[in-house]
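Accompanying notes for the structure given below.
When a residue number appears, it is its place in the shown sequence, counting from 1. Every number for a ligand or one of its atoms is a count from 1 in the order of the listing.
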Amino acid sequence: MLRFSLLVLLACLWSCAQPPVVPMNLTESALIPQPQSVTPFGKSYRFDAVTPIYLTTPSGKLDTLGQYLQQQLQALGLQSDIRTGEMEQAGIQLSLNGPDSLGAEGYLLEITEEGLYLQAKEAAGLFYGIQSLRQLLPFEPTDTTRVATGRIVDAPVYPHRGAMLDVARHFFKPADVKVFIDYLAMLKMNKLHLHLADDQGWRIEIKSWPKLTEIGGSTQVGGGQGGFYTQQEYADMVAYAAERFITIIPEIDMPGHTNAALASYPELNCDGKASALYTGTEVGFSTLCTDKEVTYQFVDDVIRELAALTPGAYIHIGGDESHVTPLEDYIPFINRVQQILRKHNKKMMGWDEIAHADIDTTTVVQWWAAPENARKAIKKGAKVLASPAKKAYLDMQYDSTTQLGLHWAAYVEVDSAYRWDPASLQAGIKKEHLIGIEAPLWTETITNLDELEYMVFPRIMGHAEIGWTAPALRKWEDYRVRLATMAPRLKAMGIDFYASAQIDWK
Ligand code: TNX
């Protein structure tokens, strides 16, 4: 009997000390965006009851990331504790001592049977490494949690990877915007452009011009209630985004798309009469009065208050579809707005029409419709942000049966949104001219978060990959398999995505 127990004990000691090797292939773990390089080691790491997280040289940033990782693990039923110093026992090591080659956003994740080592040069890189780890882990608690061993070395091809949300046509509450921010973070996107004012609504409190929100914020497309962000609510969204390494770029569209402002203040109209509030979906009928001095006082005040709320370098001034502003008024207007931005220490971003003005080399032109405008901007030494509507617009319908959205640019199926490259789509627009890619969601027909998710997912995952992954590593046949694998994860997150027939969903 004693001998038998000893045997059992020995057997247990052996198996407890050396858990059975479970082979797993890291290249079979679906990641979106696809990393720069993935080297499988063929085994797996098993999470213990408690996983220590080691912070190599603790700092405020590293502490925050350690806690963030701890929360992510907690959601999977994995307990962890945070320690300082080098890894002593199987766990996860976070370090900001990564090699210079990783750049500002790159990371290196090495997974062995003994533990996970995540390195970066900057905090953003660690954050993106944690996003990859989240995708390698199961999306819900399981009995035993394993990840495949191997090495991932990763960094993005473009510094600007973003999406736009039009909160003017239909208002989205801060809580909804935060959900959207979380989606962007998961996909390693780093910019959120908020379209804060248009004909149908003015959505950001401007203390020096209070009627903008009082009157201009009071409705939306279809005549609903509208709404607006107080400066405090807006600052809170900016901070929430920043914690996820996302910069919010605010847009106040001008001189066109300004009916909400023109309805709020009669003096901004050339005839001195307030225009009526507008709840339709026509574009191109409104303009600020470009030869009144009060217009520039207004722009200065708005930019001043917005600049104070904006940690990022850019403020977007729209400039699109100013069909009732003659070009001889439009050009000096944009020139003057560029000066106002400079006075408030911000750089200008605008839709591609602003290339007609005397834009300087710090200005970014967002190419949405006319490649010739992008080329004009390049000639003037400005940089280009790629959002060609035919590929990047999230409000375009998937096909002729899609209930939501518009289709003036194209029907954009999942393959069409993925199979293109901003640096080769149009002659004369090359990688060196581009800061990156942005996928805009206009909301004339989008009224709530469920509808938003349906138009955004899965196309935005392709846009995120285009911004992050080199063209040579992007293959549709491989992407559609990875995307299919993601379906249960998206469902578990409660994302109402469009289940395109192009994908063999898991
Ligand atoms: C064009 S894109 C617009 C927006 C509309 C959008 C609808 C751009 C710069 N202007 O005002 O919402 O089409 O797809």
Within-cut-off N or O pair, W368 and ligand 1, under 3.5 Å: no

In terms of atom number and element, which parts of ligand 1 are under 4.0 angstrom from non-hydrogen atoms of E321? 1 (C), 3 (C), 4 (C), 10 (N), 11 (O)

Trace of the side chain to side chain contact (heavy atoms under 4.5 Å, CB included) decision for M461 with L187: CA-CA 7 Å; M461 301 172 86; L187 298 169; 4.0 Å; yes

Please write down residue, atom name and distance for the protein heavy atom closest to atom 2 (S) of ligand 1. Y393 OH, 2.5 Å

What do the steps show when you test H160 against W468 for ring pair (Phe, Tyr, Trp, His ring centres under 6.0 Å), and what is the final call? CA-CA 9 Å; H160 187 120; W468 183 277; over 10 Å; no

Report yes or no: does Q366 have a heavy atom closer than 4.0 Å to ligand 1? no

Please report whether ligand 1 has a polar contact with D198, defined as an N or O pair separated by less than 3.5 Å (distance criterion only). no

So for ligand 1, is D166 a polar contact partner (N or O within less than 3.5 Å, distance only)? no

Ion pair present between E105 and R161, side-chain N to carboxylate O less than 4.0 angstrom? yes

Without swapping roles, check the side chain of D199 against the backbone of T258 for a donor-acceptor pair under 3.5 Å. yes

Could you identify the single nearest non-hydrogen protein atom to atom 13 (O) of ligand 1 and state the distance to 0.1 Å? W408 CZ2, 3.4 Å

Presence of salt bridge, D421 and K431, under 4.0 angstrom: no

What's the shortest heavy-atom distance between N373 and A355, and which atoms? O-CB, 3.2 Å

Working note: Q225 + T219, criterion side chain to side chain contact (heavy atoms under 4.5 Å, CB included); need CA distance, chi angles, decisive distance, verdict. CA-CA 5 Å; Q225 247 193 355; T219 191; over 6 Å; no

Residue M396 vicinity, atoms of ligand 1 by number, heavy atom under 4.0 Å: 14 (O)

Salt-bridged, E282 to R169, with N to O below 4.0 Å? no

Between D320 and ligand 1, does any nitrogen or oxygen pair lie at a separation below 3.5 Å? yes

L406 heavy atoms within 4.0 Å reach ligand 1 at atoms 7 (C), 14 (O)

Check each atom of ligand 1 against the heavy atoms of D395 and keep those under 4.0 Å away; list them by number with element. 7 (C), 14 (O)

Nearest non-hydrogen protein atom, atom 11 (O) of ligand 1: R169 NH2, 3.0 Å

E444 heavy atoms, cut-off 4.0 Å: which ligand 1 atoms fall inside? 5 (C), 7 (C), 12 (O)

Would R482 and D478 pass as an ion pair if we require N to O under 4.0 Å? yes

